[in-house]
Enquirer: 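Supplied in structure tokens, the structure appears directly below.
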Amino acid sequence: MNSSDVIVVGGGIAGSVSAYFLAREGFRVRLLERGELAAEASGAAAGMLLPIGEARGRSALYRFGMRSLAEFPELCDELIERTGFDPEYEASGALHVATTETRLRELQTARVALPEAKLEVLGADETRAEASLGPDVCGSLWSPGEAHVRSPLFAKALAAGAAQLGVRIETGTLVTGFVRRGDRVVGVRTPDHVFAADHVVLCSGAWAPSMLDEVGGGFRLPVEPVRGQIVALERPESASRAIIFAENVYLVAKRDGTLVAGATQEHVGFDRRVTAEGVLTVLRAATRLAPALATASFRGAWAGLRPTTPDGLPLIGPHPNLENLILATGHSRSGVLLAPVTGRWVADLVAEKSPVPEELSPSRFAPA
Ligand code: GLY
């Protein structure tokens with residue numbers, strides 16, 4: 001039997017960042033991925049690091065998101081130095097655009113409530129001129145500190161960094177079950193092997209609940225797939241380099257000259273097809289917001305399944321019924337943003353250094 005200190009299941013960003021931080025702490029780690037690395041939500045994400053956009057006010061998501069955002073520059077530099085892979089971190093800032101008076105009032109409230117974010121309210125004309133936007137725009141909030149990465153490159157850099165630190169990464173390796181001794185998880189099974197480990201970290205995104213069906217002791221993880229369809233256009237000269245984040249669409253300018261427009265939010269189970277309706281929905285919203293995009297070249301479209309929880313916060317912490325099984329999944333719309341804190345918390349849990357904030361504990365959804 002092969003043995004490791006920690007087995008990480010899942011090779012998306014949550015799995016790779018967990019493996020990377022664990023290896024940095026000196027653990028012997030094996031990462032098992034059923035397909036290719038970052039082939040699901042992590043490879044599809046627009047890569048926005050947008051705590052103010054994704055959270056409402058000073059919520060838990062905002063606090064954890066701001067903390068995680070602050071770690072990106074150093075983590076990305078470290079990954080470039082270690083691996084040569086550049087996650088293309090861009091300190092672009094973000095323009096939160098309102099097309100209704102109600103949203104504009106919300107943005108004005110955010111400016112007052114979050115002074116540390118140094119937000120600035122812009123009027124309608126200024127906003128339109130700043131980002132070549134159309135007549136629907138009635139104002140905006142400029143957020144200088146928000147940023148983005150190229151999610152597939154960030155995932156690749158994390159996995160390469162983990163491998164460089166000694167993590168054994170095995171792709172095409174399906175975990176078919178967990179080895180238990182009473183309520184304690186002591187390893188995992190694949191079709192060809194049994195792998196023993198002191199700890200197992202489950203990072204399988206939207207697939208995590210079904211993997212635990214047989215062993216969860218009646219606790220089903222409340223994680224559902226929510227499809228996001230994304231369209232890539234060639235970025236017109238006039239388009240802003242800042243993230244443009246409106247009520248129903250966002251635009252993110254990538255270093256390769258594409259402008260990524262997203263995203264739908266569809267409850268369609270595990271169907272990750274790109275559909276005519278999905279592409280139309282995104283393009284209608286994008287061209288209404290920024291009319292110049294109507295003549296931009298079409299570069300492609302893709303879809304991913306966000307692992308979504310009822311409160312939009314991830315599940316990070318011990319499984320409520322199984323010892324030594326740590327969950328790091330359910331990152332909803334913020335898996336890229338929360339990557340650095342996720343890696344740190346998983347490593348701290350395994351090292352028994354410090355607990356994860358209560359708000360993220362999987363037990364919050366377990367019956368008392
Ligand atoms: N974080 C943006 C999205 O999930 O569409």
Side-chain angles (χ1 to χ4, degrees), residues 12-14 17 38-56 59-62 64-66 68-69 72 87-90 92-97 103 143 145-155 205-206 223-233 242-254 258-268 270-275 277-286 289 300-315 329-342:
I13 284 177
V17 81
E40 301 290 348
S42 302
M48 293 187 297
L49 310 177
L50 207 69
I52 293 156
E54 296 293 354
R56 286 287 170 266
S59 61
L61 181 56
Y62 171 78
F64 303 141
M66 288 298 271
S68 209
L69 171 65
F72 266 87
E88 297 192 0
Y89 170 83
E90 295 282 349
S92 60
L95 199 61
H96 297 263
V97 173
R103 181 65 185 147
S143 164
E146 290 174 302
H148 61 96
V149 288
R150 274 281 281 285
S151 187
L153 298 182
F154 180 50
V223 179
E224 298 289 339
V226 175
R227 183 169 69 189
Q229 298 192 49
I230 285 191
V231 178
L233 302 173
I243 296 171
I244 306 296
F245 192 78
E247 288 103 314
N248 58 352
V249 70
Y250 53 75
L251 306 172
V252 192
K254 296 297 177 186
T258 53
L259 189 70
V260 169
T264 59
Q265 296 203 87
E266 303 164 87
H267 295 260
V268 290
F270 287 88
D271 177 355
R272 51 165 289 186
R273 287 174 310 127
V274 175
T275 64
E277 189 185 24
V279 172
L280 263 175
T281 302
V282 172
L283 285 181
R284 267 205 201 102
L289 184 69
W302 59 87
L305 300 175
R306 305 176 186 88
T308 302
T309 60
D311 59 11
L313 289 171
L315 305 169
T329 187
H331 288 74
S332 304
R333 290 178 55 101
S334 301
V336 186
L337 170 64
L338 297 178
V341 288
T342 297

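Side chains are part of it too, since the values below use all heavy atoms of this structure and drop only hydrogens, waters and symmetry mates. Read the numbers this way: they start at 1 and go in the same order the structure lists the ligands and their atoms. Predicted model only: the values in this text are computed from it and were never measured.
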Enquirer: Show the atoms of ligand 1 that are less than 4.0 angstrom away from any heavy atom in M48.
Expert: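 Heavy-atom distances to M48 below 4.0 Å select 2 (C).
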Enquirer: For ligand 1, indicate whether the residue Q265 contacts it via side chain, backbone, both or neither (heavy-atom separation under 4.0 Å).
Expert: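 Neither; no heavy atom under 4.0 Å.
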Enquirer: Quick one: does any side-chain atom of S151 pair with a main-chain N or O of S42 as donor and acceptor, under 3.5 Å?
Expert: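 Flag set: sc S151 to bb S42 pair under 3.5 Å.
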Enquirer: Only heavy atoms of Y250, strictly under 4.0 Å: list the atoms of ligand 1 that pass.
Expert: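 What qualifies from ligand 1 is 2 (C), 3 (C), 5 (O).
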Enquirer: I need the minimum non-hydrogen distance between I230 and G262, along with the two atoms involved.
Expert: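 Of all heavy-atom pairs spanning I230 and G262, the closest is CG1-CA, 4.2 Å.
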Enquirer: Taking only heavy atoms of A263 into account, list the atoms of ligand 1 that are under 4.0 Å away from them.
Expert: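 Listed by number with element: 5 (O).
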Enquirer: Look at the aromatic rings of F154 and F72 and report parallel, tilted or perpendicular, splitting at 30° and 60°.
Expert: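 The arrangement is tilted - the two ring planes meet at 30° to 60°.
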Enquirer: Considering only non-hydrogen protein atoms, determine which one is nearest to atom 1 (N) of ligand 1 and report residue, atom name and distance to 0.1 Å.
Expert: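 Going atom by atom, the protein heavy atom closest to atom 1 (N) of ligand 1 ends up being R333 O, 2.8 Å.
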Enquirer: Identify the two heavy atoms, one from A147 and one from E90, that lie closest to each other, and give their separation to 0.1 Å.
Expert: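 Looking at all heavy atoms of both residues, the shortest contact is CB-O, 3.1 Å.
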Enquirer: Give me the residue, atom name and distance of the protein heavy atom closest to atom 4 (O) of ligand 1.
Expert: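 In this structure, atom 4 (O) of ligand 1 has R306 NE, 2.6 Å as its nearest protein heavy atom.
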Enquirer: Do E247 and R103 meet the salt-bridge criterion of a basic N to acidic O distance under 4.0 Å?
Expert: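 Looking at E247 together with R103, the answer is no, because their closest N to O distance does not fall below 4.0 Å.
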